[in-house]
Structure formats: structure tokens, C-alpha cells
Amino acid sequence: KEVESFEKKICKFVGSKYCLGLNSGTDALELALKSLGIKRGDYVLTTGFTYFATIEAIHNVGATPYLIDIDRQTLQIDFSKIKKSVLEKSRFIIPVHLFGGSVDIPKLKEYSKKYNLLVVEDVAQSFGSSFKGKFLGTIGDVGAFSFYPTKTLGSIGDAGAVVTNCKSVYKNLLKLRNHGHIDRDNFKFAGKNSRLDEIQAIYLNSKLKNINVEINIRKKIAHEYYQNLKIIKNLQFFNNNLQTYNYFPIAVNSLKERNLLIKFLTHKNIDTVVYYKKPLTDLNFEWIEKEENYDNIDYIKKRILCLPIHSSLKQSQINYVIKAIKEFYET
């Protein structure tokens with residue numbers, strides 16, 4: 001009952017017809033691809049600057065991930081970098097809405113329509129963000145969410161969900177998350193044990209009641225960081241006008257500068273995280289298809305740094321982080 005309640009609440013929140021709770025965001029991606037009829041060897045376009053789970057899901061269904069460079073200003077997939085020859089042989093695209101932001105939605109729609117691409121949105125980091133009144137996850141064919149504890153809507157363990165407006169896709173997903181069962185003794189296909197458990201659903205239902213409070217607190221922290229640190233010429237900011245901030249990334253001038261800043265902040269007991277120090281484009285698995293170069297990813301990976309941002313941060317702690325970064329650049 002708690003899982004069903006959570007699924008209905010997610011549908012109402014994002015504005016989708018159907019939602020299925022799953023045991024992780026990774027399974028959400030994998031089952032989304034399977035529900036749309038992906039075949040072995042199909043090409044799937046996605047960004048080279050995201051977490052491994054995105055291409056892991058593609059590989060696990062027998063398809064081939066093709067990695068695309070990012071826009072240096074937004075950190076999102078750069079559609080202009082996709083070769084026409086690659087677009088013409090691809091069947092799917094997984095746009096990863098990174099750090100609470102979103103990919104270029106008009107371009108996504110244009111490319112998916114022109115090249116007949118099925119769209120699985122990876123919304124693991126952007127729950128609650130929208131474009132022109134439409135929530136991310138409802139723009140493509142299927143939206144995949146993660147509710148890992150670090151997310152804006154986080155569970156107490158692994159959890160995920162998929163949303164869709166297509167009834168046939170929904171029916172496939174119902175079977176896929178439960179071993180392919182048609183009924184107790186019959187199966188349509190091989191699925192997975194990927195059900196969302198009641199304990200996670202109870203916790204997520206509770207958190208969902210106050211999700212707008214969570215989102216607004218993160219926005220406030222992000223706004224304070226930006227307003228107080230934008231005077232520092234060495235820093236580059238991203239996603240300054242978004243509805244959600246799963247992370248707060250900045251970029252500095254060089255790898256050496258980043259290392260010194262991390263060391264300085266660590267000395268003051270301020271934790272920072274680098275996403276992604278070794279991006280997917282640096283991996284050498286034979287099943288990954290790549291471009292000749294990734295200039296923007298190579299530039300960003302040496303400079304990006306994420307500052308603390310979560311709803312339990314106190315004002316004094318926010319001020320302390322700001323003061324420490326200013327002190328670093330003053331000295």
C-alpha cells in the first residue's frame with residue numbers, strides 16, 4: 001500500500017499518467033530501455049560526463065553507449081557535437097539532467113523527432129526541476145529517477161522509479177520489475193527482482209510531503225553561495241537560476257588551484273566532492289563507443305568542485321564555507 005501510495009503521489013507531483021517504484025535508479029534506466037524494446041547492439045547516445053550507472057544500464061541490456069561531449073557553460077550534453085552519421089544509426093538517447101539542471105530541451109525534442117530517437121530521461125540529479133511548466137522525466141518517452149540518500153528526494157537506502165504516459169510501456173514495466181510475471185505461474189519474458197520495498201516507500205512518502213521545503217532550502221543555500229562568491233574572478237558558476245540544486249558545482253582556473261583549494265577547505269573541516277574526476281570518456285571498456293576528442297569534458301574534469309549543499313546545513317556553516325573560500329583567494 002505504501003508503494004502504491006508513493007507511485008500515485010509521484011504521478012501527481014510530476015504530472016505523469018503512470019509511475020512504478022523500483023529498487024534503484026540504475027534499474028530504472030535498465031528497465032526503461034527494456035520496456036521500450038531495446039535490442040542487442042542498438043546505439044544509445046548519452047553524455048560522457050555522468051555517473052557510470054547510465055552506461056552500465058545500457059551495457060546490461062546488450063546495447064552500445066555512444067558518449068557525447070558537454071557544453072562547457074552548462075555541463076549538459078552538447079547536441080551540436082553529435083555527428084549526423086552517429087545520429088542516423090542510433091535508436092535511443094539518454095539525456096542526463098545533471099546537477100539539478102537540464103539538457104537543452106528544445107534541441108532534445110528537435111533531434112529526437114528528426115532522427116526518430118526514443119528518449120529515456122535520466123533525472124537522478126534533477127527531481128523537481130521543470131521546463132516551461134513540464135517536469136523533467138515527463139518530456140521523453142520514459143523518465144528514470146534515483147532516490148539514493150544523497151538526492152534531493154532521498155530514501156534511507158537504494159530506491160528509484162520510472163514515469164511514463166504510455167500504457168503499454170507501463171504494463172511492460174510492471175512485469176519487468178517482478179521477474180516478468182504475467183500471473184503467479186506464468187511469465188512474459190525474463191525480468192528482474194526490482195520492486196521498491198515498503199520501508200523505503202514509507203520514508204519517501206514522508207519526505208515527499210515536505211519536498212518543496214527541501215527544494216527551497218537548497219535554492220536558498222545556492223543563492224547565498226552565488227551572491228557572496230561571484231565577485232571572485234577565478235570561479236565559474238553553473239545553473240544559477242534553477243528550481244533545484246542536487247549539487248552546487250563551481251569551476252576554478254586550473255587543476256593545481258583546485259587541489260590547493262580542496263586542501264585549504266579540508267584543513268578547515270569543509271568537505272568537497274569532485275564530480276567527475278575520471279569521467280566516462282576516460283574509461284577503456286571495449287563496449288564504449290567514443291568520439292576522437294572531448295575538449296570540454298577534459299577541461300571541466302580538471303577544474304570542477306562541488307560545495308556542501310543539503311537541507312541540514314546551518315546558516316553559520318554556510319557563512320563559514322563562504323568565508324573560507326574568500327580567505328583562500330585573498331591570501
Side-chain angles (χ1 to χ4, degrees), residues 9-10 12-16 25 49-51 70-71 73-76 95-105 121-139 143 145-155 161 163 203-232 235-252 265 270-275 300 304-326:
K9 288 173 183 175
I10 291 293
K12 184 177 180 180
F13 185 89
V14 303
S16 66
F49 196 69
T50 184
Y51 182 56
I70 58 171
D71 183 296
Q73 303 304 313
T74 67
L75 307 179
Q76 310 293 340
V96 180
H97 303 298
L98 207 63
F99 297 137
S102 71
V103 303
D104 185 333
I105 300 298
E121 294 178 77
D122 185 334
V123 206
Q125 296 185 14
S126 293
F127 181 84
S129 288
S130 62
F131 176 79
K132 292 186 176 180
K134 195 165 186 179
F135 280 94
L136 303 183
T138 66
I139 292 163
F145 295 89
S146 168
F147 304 121
Y148 188 73
T150 58
K151 309 302 182 187
T152 302
L153 177 60
S155 61
V163 299
Y203 187 77
L204 287 166
N205 274 326
S206 176
K207 286 202 73 175
L208 196 54
K209 292 177 184 177
N210 299 305
I211 190 60
N212 288 321
V213 174
E214 173 80 24
I215 289 170
N216 287 333
I217 291 173
R218 288 170 177 260
K219 283 173 63 177
K220 180 179 179 294
I221 296 168
H223 180 74
E224 290 200 41
Y225 280 153
Y226 177 66
Q227 290 300 322
N228 286 282
L229 298 174
K230 65 181 180 180
I231 58 172
I232 300 173
L235 300 184
Q236 178 184 353
F237 297 89
F238 311 93
N239 307 334
N240 300 322
N241 297 301
L242 295 180
Q243 302 99 349
T244 66
Y245 289 87
N246 194 71
Y247 300 105
F248 190 86
I250 61 173
V252 300
L265 295 177
I270 297 171
D271 287 336
T272 55
V273 182
V274 175
Y275 297 108
I300 288 294
I304 194 168
L305 181 69
C306 290
L307 303 182
I309 186 164
H310 52 84
S311 58
S312 59
L313 272 181
K314 299 175 182 177
Q315 185 63 51
S316 59
Q317 293 173 312
I318 299 165
N319 295 340
Y320 183 71
V321 174
I322 293 168
K323 182 181 178 182
I325 295 172
K326 284 183 175 180

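- Looking only at side-chain heavy atoms (C-beta outward), Ile217 and Leu313 stay at 4.5 Å or farther from each other.
- Under the 30°/60° scheme for interplanar angles, the aromatic rings of Tyr275 and Tyr247 are found to be tilted.
- Put simply, the side chain of Glu121 never gets that close to the backbone of Gly143: no donor and acceptor are under 3.5 Å apart.
- Side chains of Lys326 and Leu229 form a contact here, defined as non-hydrogen atoms less than 4.5 Å apart.
- With 3.5 Å as the limit, one finds no donor-acceptor pair spanning the side chains of Thr138 and Ser16.
- Note that CZ of Phe248 is 10.0 Å distant from CZ of Phe238, once rounded to the nearest 0.5 Å.
- Residues forming a salt bridge (charged side-chain N to carboxylate O under 4.0 Å, His left out) with Lys134 (at least two apart in sequence, or on another chain): none.
- Of all heavy-atom pairs between Glu214 and Thr152, the closest is CG-O, 3.4 Å.
- Taking the side chain to side chain contact (heavy atoms under 4.5 Å, CB included) definition, one finds that Asn319 meets it with Glu224, Gln315, sequence neighbours left out.
- Under the 30°/60° scheme for interplanar angles, the aromatic rings of Phe145 and Phe147 are found to lie parallel.
- Between Ile304 and Ile250, every side-chain heavy-atom pair lies at or beyond the 4.5 Å cut-off.
- Under the rule for a side chain to side chain contact (heavy atoms under 4.5 Å, CB included), the partners of Phe13 that lie at least two apart in sequence or sit in another chain are Phe127, Phe135, Ile211, Asn212.
- Nearest heavy-atom pair across Ala324 and Leu265 is CB-CD2, 3.8 Å.
- No side-chain heavy atom of Thr244 sits less than 4.5 Å from a side-chain heavy atom of Arg218.
- Between atom CG of residue Leu98 and atom CG of residue Leu75 there is a gap of 6.5 Å, rounded to the nearest 0.5 Å.
- Note that OG1 of Thr50 and NE2 of His97 are 11.0 Å apart. Values are rounded to the nearest 0.5 Å.
- Atom-to-atom distance recorded for Tyr245:OH and Lys220:NZ is 13.5 Å, nearest 0.5 angstrom.
- At distances below 3.5 Å, at least one donor-acceptor pair connects side-chain atoms of Ser129 with backbone N or O atoms of Gly100.
- Taken to the nearest 0.5 Å, the CG atom of Leu307 stands 9.0 Å off from the CD1 atom of Ile270.
- Proximity of a side-chain donor or acceptor of Asp71 to a complementary backbone N or O of Gln76 within less than 3.5 Å is not detected.
- The CG atom of Leu153 lies 5.5 Å from the CD1 atom of Ile10; values are rounded to the nearest 0.5 Å.
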field: side-chain contact (heavy atoms from CB on, under 4.5 Å) assessment of Ile325 paired with Leu235
entry: CA-CA 10 Å; Ile325 295 172; Leu235 300 184; 4.3 Å; yes

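- Tyr225 places a side-chain N or O within 3.5 Å of a backbone atom of Pro308 that can act as its donor or acceptor partner.
- Counting only heavy atoms from C-beta outward, the side chains of Val103 and Val96 never approach each other to under 4.5 Å.
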